[in-house]
Trainee: 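Please see the structure below; I have some questions.
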Amino acid sequence: MTHTQALTRALSVLPSPADLRSMTRAPRRDLLCGLTVAVVALPLALGFGVTSGLGAAAGLTTAVVAGALAALFGGSARQVSGPTGAMTVVLVPIVHRYGADGVLTVGLMAGVLLLLLAFARAGAAMAYVPAPVIAGFTLGIACVIALQQVPAALGVPTPRGEQVAVVAARAAEEFGGAPHWPALLLAAGAAAIVLAGARWRPAVPFSLVAVAAVTVAAEALHLSVTRIGTLPASLPAPSLSFLDLSRLPSLLAPAAAVAALAALESLLSASVADGMRPGERHDPSKELFGQGIANLAAPLFGGVPATGAIARTAVNVRTGAASRLAALAHAVILAGIVAVAAPLVGRIPLAALAGVLLATAVRMVERDAVRAMARATRGDALVLVLTAGATLALDLVRAVLIGLGVSVLLALRAAMRGTRLTPAAADELPGEAGTVTYRFDGPLLFAAAHRFRCGLADVHDGVSAVDLRLSGLTAVDATGALALKEAVAELRGRGVDVRISGVDLDHRRVLESCGVLTAAGAGAKRGVVPSAAGMTAP
């Protein structure tokens, strides 16, 4: 790549003048949308900060810093970024293993990796993630988020451990030994308000209503429940005091997992926003660049890694956001709320946030989509279940890789079943006694190579020539070409002449490079290539 090309690619991920001018089209509407999203985001930012292990202040800091920068530099005009449940799933084991400083370092490294992905234009790969993988990924995340809330909802300290199901079971066991009913009732009340309110008036931010109602009840009844605690009234000064260069090699794998998840969830969220506004298209490279900048900056202020947030993005789109000003305003408004009402926010019971997040987990699952994919094909159902199960048992990145791997295997199996080697003339052709004609249709790839070789070589005695017509060949790789070469060699060893016809120019290069064809027949696009002249001797 030349210096000019590198500069052009670097400039292509920066906000364009048109992106900035769009923020002046409907500022009043965007500011109102930003206020609505901020109201929805406040309890979620607090809850995900607590769940991550770094505290509510870290969640708010992420929503403010990462939310503002991702809005300004991202590739979607309506994307809202901040702490998310999916990211907390990855962060919890990192906190247990490396501590808070390790999480901040991982966030910084993930930001660098996201920038590299942006410059490499890797965002286009999101289009190739199958729908069952995404559905299973979302279902698994919802289950993990719900399990993460069990200790706070039961009012017990979070037991040690990295496996969420085990931690939830230990919390339930501890609650059974010494029940603490106020926390459970508050969590149940908050969840009920959110779920019932969402069905009654979907446009109303009932998550904040639930938190306010439960907090007032806890204060009025003087309930002994754990609260958020003291929150800073402003952002801390940026600092790199957490960075220990000697730990960077050991943190590279967690950072790669965080970057992969941030890219996946952000691009998925941006695609959801596009789908809600037909005709809208986000720029994947710019989106990754914006997330990279956001994740570089957030750790400097004590924030956790951030991604695009599907729920908040959906609220932003539904309320009519016209530009990225709405997402930017949501971050500024959150900062203002913290500055003005930090003491009040600090009195919120953790059980209230747990109830809101439990309801959020329930609402994340699109039951119609999951049901449709489970019924579509057995392969789709298998991918969905495996991805969701791996999310629970392993981690999100490995779960997606497993889902993708199984999807690829199923696709290859389907492609193999779509290949056919059929006799085009069962009887001897007139004037060509002893000649049998075969027609090949479909892709000749490694998955079908063995079956093709066996089928072609299995001709009955008395056949002196085989005419193989490849006009129906749709794709060929080296393994398939070598299988064809071996089958031809086997037939020639039995004294059977082989003629190949219908070779397309696109496939001729592969066949020639593997020694199947020689230059003697390279000129004709669909001519006949006799084995004596056109086949390399075994």
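These values consider heavy atoms only, across backbone and side chains, with no hydrogens, waters or symmetry-generated copies.
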Trainee: Quick check: are there more than 12 heavy atoms from other residues, nucleotides or ligands sitting under 6.0 Å from CZ of R363?
Mentor: no
Trainee: Testing the basics here: between T62 and V304, what is the closest heavy-atom pair and its distance to 0.1 Å?
Mentor: OG1-N, 2.7 Å
Trainee: Determine the minimum heavy-atom distance between A259 and L113, stating which atoms define it.
Mentor: CB-CB, 3.8 Å
Trainee: Please tell me if the side chains of L296 and L108 come closer than 4.5 Å, counting only heavy atoms from C-beta onward.
Mentor: yes
Trainee: To check you understand the geometry: which heavy-atom pair defines the closest contact between G140 and T391, and what is its length?
Mentor: C-CG2, 3.5 Å
Trainee: With the side chain counted from C-beta on, respond yes when R312 and V315 share a heavy-atom pair under 4.5 Å apart, and no when they do not.
Mentor: no
Trainee: Are the side chains of L243 and L248 in contact, using a 4.5 Å heavy-atom criterion?
Mentor: yes
Trainee: Go through I94 and V258 one step at a time and tell me if the side-chain contact (heavy atoms from CB on, under 4.5 Å) criterion holds.
Mentor: CA-CA 10 Å; I94 298 176; V258 168; 4.0 Å; yes
Trainee: Are any of the side-chain heavy atoms of Q148 and V92 separated by less than 4.5 Å?
Mentor: yes
Trainee: How long is the gap from CG on L235 to CZ on F301, to the nearest 0.5 Å?
Mentor: 6.5 Å
Trainee: Side-chain donor-acceptor pair under 3.5 Å between T377 and D380, yes or no?
Mentor: yes
Trainee: Checking S266 against T307: is there a side-chain donor and acceptor pair closer than 3.5 Å?
Mentor: no
Trainee: So with a 6.0 Å cut-off around CD of E219, is the heavy-atom count from everything else above 12?
Mentor: yes
Trainee: Check each of L46, L44, V214, L186 against L353 using the side chain to side chain contact (heavy atoms under 4.5 Å, CB included) test, and report the only one that passes.
Mentor: L46
Trainee: Looking only at heavy atoms, what is the nearest atom pair of S285 and D283, with distance?
Mentor: N-OD1, 3.1 Å
Trainee: Side chains of M109 and L251: does their closest heavy-atom pair fall under 4.5 Å?
Mentor: yes
Trainee: Kindly determine whether V80 and H330 satisfy side-chain contact (heavy atoms from CB on, under 4.5 Å), including the steps that lead there.
Mentor: CA-CA 8 Å; V80 178; H330 123 274; 3.6 Å; yes
Trainee: Do the non-hydrogen side-chain atoms of L147 and L392 ever get within less than 4.5 Å of each other?
Mentor: yes
Trainee: Among V383, I134, L384, V133, which one satisfies side chain to side chain contact (heavy atoms under 4.5 Å, CB included) with M373?
Mentor: L384
Trainee: Identify the heavy atoms of A321 and C33 that sit nearest to each other, and give their distance.
Mentor: N-SG, 3.4 Å
Trainee: Stepwise, does the side-chain contact (heavy atoms from CB on, under 4.5 Å) test hold for T360 with I145?
Mentor: CA-CA 9 Å; T360 300; I145 292 173; 5.9 Å; no
Trainee: Would you say Y98 and V106 make side-chain contact, with heavy atoms under 4.5 Å?
Mentor: no
Trainee: Taking side chain to side chain contact (heavy atoms under 4.5 Å, CB included) as the criterion, tell me which of S241, P236, S239, P238 meets it with L300.
Mentor: P238
Trainee: Taking the six-membered ring for Trp, are W181 and F175 parallel (under 30°), tilted (30 to 60°) or perpendicular (over 60°)?
Mentor: perpendicular
Trainee: Can V144 and T88 be said to form a side-chain contact (heavy atoms from CB on, under 4.5 Å), step by step?
Mentor: CA-CA 10 Å; V144 173; T88 62; over 6 Å; no
Trainee: Are a donor atom and an acceptor atom from the side chains of S76 and E287 found within less than 3.5 Å of each other?
Mentor: no
Trainee: Taking side chain as C-beta onward, heavy atoms only, is F206 less than 4.5 Å from R201?
Mentor: yes
Trainee: For the side-chain hydrogen bond (donor to acceptor under 3.5 Å, both in side chains) test, which of Q79, H282, R78 pairs with D274?
Mentor: H282
Trainee: I need the L117 CG to L267 CG distance, nearest 0.5 Å.
Mentor: 9.5 Å
Trainee: Over all heavy atoms of both residues, which pair between V225 and P349 is shortest? Give the atoms and the distance, please.
Mentor: CG2-CB, 3.9 Å
Trainee: Measure the spacing between CD of Q291 and CD of E265 and express it to the nearest 0.5 Å.
Mentor: 9.0 Å
Trainee: Let me confirm one number: the CZ-CG distance from F73 to L115, rounded to the nearest 0.5 Å.
Mentor: 10.5 Å
Trainee: So how far is it from L261 CG to L268 CG, rounded to the nearest 0.5 Å?
Mentor: 10.5 Å
Trainee: Look up atom CG in L42 and atom CD1 in I333, then write down how far apart they are to the nearest 0.5 Å.
Mentor: 11.5 Å
